[in-house]
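Here's the structure we're looking at; comments come further down.
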Amino acid sequence: MRLTVDHSSTYTYEHGVSYALQQVRKRPISLPSQSILSWDVSIEGAHWETSYTDHHGNLVDLIQLEPDVMSVSVSVKGEVETHDTSGVMGGHSQLVPLWLYQRPTELTMPAKGLRALAGKFSRSPSQDIGVLHELMVEIADKVAYRTNETDSRTTAEDALQQGQGVCQDHAHIFITVARLLGYPARYVSGYLMMTDRVDQDAGHAWAEAWVDGLGWTGFDVSNGISPDARYIQVATGLDYSDAAPIRGLVYGAGAENLVVSIQVQQ
Amino acid sequence: MLGRTASGLFWMARLLERAENTSRLVEAGFRMALTRTQPGEEEWRSVLVTAGCCDAYLARHDTITGDKVADFALRDRSNPSSVMSSLHAARENARMTRTALTREMWEAINDFWMAVRDALKRAPSETDLPEILTMIRQQGAQVRGATTGTMLRNDIYNFILLGIMFERADNTARILDTKYYVLLPSSASVGSSLDNVQWEMILRSASAERSFHWLNGGNITPRAIADFLIFDTRMPRSLAYCYDTITHQLDCLFRQYCQRLGTHDLAESLEASLTATTIERVFENGLHEFLSDFLRRNASLSAQIETDFRFAE
Amino acid sequence: MADGEDVFDEMHGFGEGVRAPYAGYNGWFDKTTPSALLKKSRDAQTFFRRTGITFNVYGKSEADERLIPFDLVPRIIGASEWALLVRGIEQRVKAINAFLYDIYHRQEIVRAGRLPEHLIRENDAFLPKMIGFDPPGGIYTHIVGIDLVRTGPNEFFVLEDNARTPSGVSYMLENRETMLKMFPELFAQMSVQRVSGYPMALRRSLERSAPAQASGRPTVAILTPGIHNSAYFEHAFLADQMGVELVEGHDLRVVDGRVAMRTTQGYETIDVLYRRVDDEYLDPLNFRSESMLGVAGIFDVYRAGGITIANAPGTGIADDKAIYSYMPDIVEFYTGQAPLLKNVPTWRCAEKDSLSYVLEHLEELVVKEVHGSGGYGMLVGPAASKKEISAFRKKLQAKPSNYIAQPTLALSTVPVLTKSGLSPRHVDLRPFVLVSSDGVDVTPGGLTRVAMKKGSLVVNSSQGGGTKDTWVLKEG
């Protein structure tokens with residue numbers, strides 16, 4: 001499937017920025033599930049500092065905001081040929097040892113609710129996919145998809161307790177429980193082409209768990225499926241903060257407002 | 001050179017100069033007390049005002065006495081411009097810029113700090129005080145000796161000299177401004193013993209009594225005193241001398257960095273305002289007005305230097 | 001431990017008379033009067049205080065800038081003894097670098113079953129962000145300090161590897177300067193190898209490790225946490241001796257994809273940063289976000305090849321005390337040779353059998369925290385009271401994996417000057433090692449730390465230990 005992405009994020013600030021650096025993870029790489037045909041990232045109100053590949057294999061751009069700027073925008077235009085691999089992304093090509101993906105992070109710290117949820121499942125080598133699939137369904141059932149109730153700093157446990165959240169929260173809960181069950185698991189940020197609309201107001205996120213014999217396998221709790229040809233993977237990490245499209249520090253800007261416009265279509 | 005290093009050198013020099021100036025004010029205060037039967041509260045108040053710490057003092061003490069003022073100005077660590085506080089902060093700046101200083105210079109500063117710290121561990125008795133104040137002057141002279149004798153004449157030296165001269169100009173202008181009224185022609189009942197003592201105090205506070213008398217042959221007039229402390233470039237604490245040095249140091253920086261900055265224009269216009277006028281004009285237009293204007297412009301030039309040479313981001 | 005015939009004294013051996021390296025010194029000493037020496041000793045202390053060679057004790061105010069006691073009897077090592085040490089150190093340091101490369105790449109040593117995975121996995125010093133990154137020149141530890149103790153003429157043990165930011169080199173240099181001033185005639189008689197080349201050797205070695213993006217002669221700077229750090233004197237001293245800038249985090253910024261320092265004339269690019277700031281404080285964007293000591297984005301620039309950070313972030317995994325006990329295996333795995341320097345036998349309290357042995361023999365052992373340093377939080381069994389031992393037993397039982405234990409070695413002694421003449425005191429030795437693409441360079445000398453209390457085995461300066469000048473004699 002050939003997908004085009006047109007995505008812009010515009011941050012506006014209350015005061016002129018005195019100093020700000022941001023890591024941008026918005027450049028996908030070609031994988032068995034996707035071939036990048038063209039991809040272009042442009043920025044306004046900031047300039048490129050440097051770029052590199054991080055330990056998860058993500059392409060990272062470091063940008064610095066122009067002094068006194070009141071708004072900055074990052075725009076992405078790209079075309080990707082995707083293939084349906086039934087969510088199976090295959091072998092582990094990074095040097096990161098798999099055990100690292102079992103490490104809890106601040107956002108995926110197991111607590112009471114998550115442990116109770118994990119207690120309902122057990123890892124079973126012959127039925128890994130089945131177990132993980134059931135977990136996906138269970139989470140979707142317990143945590144309703146609802147926007148604006150959580151934010152990027154909401155932990156997996158908090159979202160579970162609240163019983164609502166967005167794709168990021170779903171992914172965090174899935175990752176945490178999968179790790180409790182003994183599966184290495186990671187966070188994926190990317191795009192999803194939706195069949196019922198072109199315009200979207202947020203990027204997408206889902207989870208991957210390591211299944212022996214299959215490799216990394218995707219689970220999109222919010223949509224109740226494993227990723228198919230409508231998905232584009234952009235970055236992976238232990239949690240949102242590792243794979244976030246934009247993260248960094250901003251000094252002297254006061255309150256921040258974000259407007260996002262995303263179009264993903266065939 | 002790092003902007004932070006320039007800042008460290010500048011402030012190290014300012015604070016060392018300040019420590020010495022403060023101790024000289026206390027010395028002048030005691031000198032006055034000796035020559036009077038009743039040490040006046042007003043004299044000690046003027047010491048505090050000149051040292052810029054009168055409000056801080058009154059926040060801690062109800063009455064103004066010589067002992068308390070001396071203690072506050074010399075030892076009190078809660079007073080940021082006490083000799084101890086200034087020296088401690090000067091030494092911290094010296095440690096921060098350790099690599100820019102010669103060993104002799106660092107040792108002189110470290111010695112200065114250690115000697116004063118030991119001498120002021122306890123409140124000094126009235127009999128010990130003169131000796132301690134003398135020691136502070138001598139230690140300060142040693143630092144200056146190490147500065148002129150061992151430091152390369154480069155930007156490091158320029159920033160140190162700038163620090164010294166800004167602080168000194170500020171101090172001399174304050175000494176005059178605190179007592180400007182005793183210098184006004186209207187209040188000068190010439191020859192009265194009261195005014196003689198006041199004038200003496202001004203000269204002593206600026207370490208200028210000997211040189212003034214030597215140059216003026218005993219002819220003490222308010223105008224001559226003001227002229228000497230403002231315009232006489234032979235006098236190393238006069239405003240004119242300070243600005244002569246400041247513009248020279250800034251010229252050196254201009255030559256070394258090949259960069260002319262807002263600082264240079266400001267400094268030249270300030271210096272010009274000192275050379276283009278006379279003591280007569282100053283008195284005509286108001287001594288106090290002249291001095292407050294000078295203090296304001298001196299402070300804003302100092303701030304401009306901090307910006308232009310990137311002392312901080 | 002009682003000092004006696006069973007303790008090796010570096011001047012008098014096991015009591016058989018003055019050993020060869022000390023012959024020249026002994027002849028000179030016999031002709032001097034103790035009172036003259038004691039006076040020189042006092043002069044030296046005054047000199048140190050004046051020049052400000054002090055160290056700050058953490059958490060104390062400026063009044064607590066302390067002097068480390070300096071003893072003016074040199075510790076003397078013969079040329080052949082030293083040559084033996086150097087070979088062992090070179091081998092060990094090469095192995096440490098190879099180990100670090102491997103740990104941040106394929107972890108072959110774990111795959112080969114030579115090192116348990118959990119030692120990496122559960123180790124805070126392991127820095128995942130370093131995975132897959134090749135530091136310039138393949139060098140992780142540019143500056144290493146190897147702590148050694150001695151128990152006999154040719155019996156050296158490695159006590160600890162310092163692969164993060166080893167300190168103490170300023171004492172090596174200042175102690176020598178002081179000795180040269182006090183005893184010029186002694187240096188004229190004996191051929192002592194120079195240590196004064198260290199700062200320039202360090203600078204050259206750092207310049208060699210510049211990243212590919214550097215152009216012209218590389219700009220080197222030292223990053224210090226600031227004047228309140230306990231080793232600030234050393235940071236300033238080294239910057240001065242190397243002729244490089246001493247910078248703090250807030251002097252630096254990312255500019256044009258590189259790290260640059262704010263000067264009076266604008267930003268100037270830095271190619272190599274010798275940082276004396278710990279990993280977690282290095283970069284608030286990538287590590288602890290509340291850090292005020294670091295530089296935001298420096299790690300991004302590092303991974304992009306825009307700067308060399310020395311030592312590399314994440315080197316702490318190599319000097320961790322839990323890893324230490326595997327050093328013989330590590331040396332063998334990467335060099336294919338048996339280790340030339342011995343490890344002190346170590347019980348890992350994480351292991352059940354070892355723990356029960358340690359608990360039974362606490363009064364004979366030295367027990368250390370795996371991640372501790374500076375002699376804090378350790379138990380020296382033979383010197384501890386019953387009460388101290390039982391208190392420590394509780395701590396050990398509560399978290400065994402936090403501790404390792406070692407036998408109390410009969411550390412060698414070297415004489416110190418006391419009011420009643422020479423008297424033996426226990427010592428250790430930290431030689432300083434530089435690593436660059438040119439190879440491994442061990443400065444002939446080092447920091448000798450000495451327990452100033454008779455019989456004491458604790459040499460740490462934070463616990464009242466002193467220092468001595470360390471002389472390595474020339475061949476022949």
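Residue numbers start from 1 in every chain, and the chains themselves are labelled A, B, ... in the order their sequence lines are given, proteins ahead of strands.
Among Ala304(C), Ala296(C), Gly306(C), the residue making the largest number of heavy-atom pairs under 4.5 Å with chain A is Ala304(C). Comparing Arg103(A), Gln94(A), His47(A), Gln64(A) by heavy-atom pairs within less than 4.5 Å of chain C, the highest count is held by Arg103(A).
Annotation: Met292(C), atom CE; neighbour count of heavy atoms from other residues, nucleotides and ligands within 6.0 Å does not exceed 12. The environment of CD in Glu256(A) is crowded: more than 12 heavy-atom neighbours from other residues, nucleotides or ligands sit within 6.0 Å. Around atom CG of Asp134(C), more than 12 heavy atoms belonging to other residues, nucleotides or ligands sit under 6.0 Å away. By the 6.0 Å contact criterion, CG on Asp151(A) is enclosed, its count of non-hydrogen atoms from other residues, nucleotides or ligands being greater than 12.
With a 4.5 Å cut-off on side-chain heavy atoms, Pro97(A) and Ile131(C) count as touching. Two residues are said to be in side-chain contact when any heavy atoms from C-beta on lie closer than 4.5 Å; Arg253(C) and Tyr19(A) meet this criterion. The closest side-chain heavy-atom distance from Arg258(C) to Glu49(A) is not below 4.5 Å. At a threshold of 4.5 Å between non-hydrogen side-chain atoms, the residues Asp54(A) and Lys129(C) do not count as touching.
Only the side chain of Gln23(A) comes within contact range of chain C, judged by heavy atoms closer than 4.5 Å. Neither the backbone nor the side chain of Val110(C) has a heavy atom closer than 4.5 Å to any heavy atom of chain A. Residue contact with chain C, scored on non-hydrogen atoms closer than 4.5 Å, involves the backbone of Thr53(A) exclusively. Contacts of Leu249(A) with chain C are made by both backbone and side-chain atoms, with heavy-atom separations under 4.5 Å.
Here Phe133(C) contributes atom CZ and Tyr52(A) contributes atom OH; the two are 10.5 Å apart, rounded to the nearest 0.5 Å. Between Asp61(A) atom CG and Asp300(C) atom CG the span is 10.5 Å, to the nearest 0.5 Å. The structure places CG of Leu95(A) at 12.5 Å from CE of Met130(C), a figure rounded to the nearest 0.5 Å. Going from atom CG of Asn286(C) over to atom CG of Leu21(A) covers 10.0 Å, rounded to the nearest 0.5 Å.
When each of Glu122(C), Glu117(C), His118(C) is paired with Trp99(A), the side-chain contact (heavy atoms from CB on, under 4.5 Å) condition holds for Glu117(C) and for no other.
Between the side chain of Arg247(A) and the backbone N or O of Leu285(C), at least one donor-acceptor pair lies under 3.5 Å. With hydrogens and angles ignored, the 3.5 Å screen pairs no side-chain donor or acceptor of Arg121(C) with any backbone N or O of Leu100(A).
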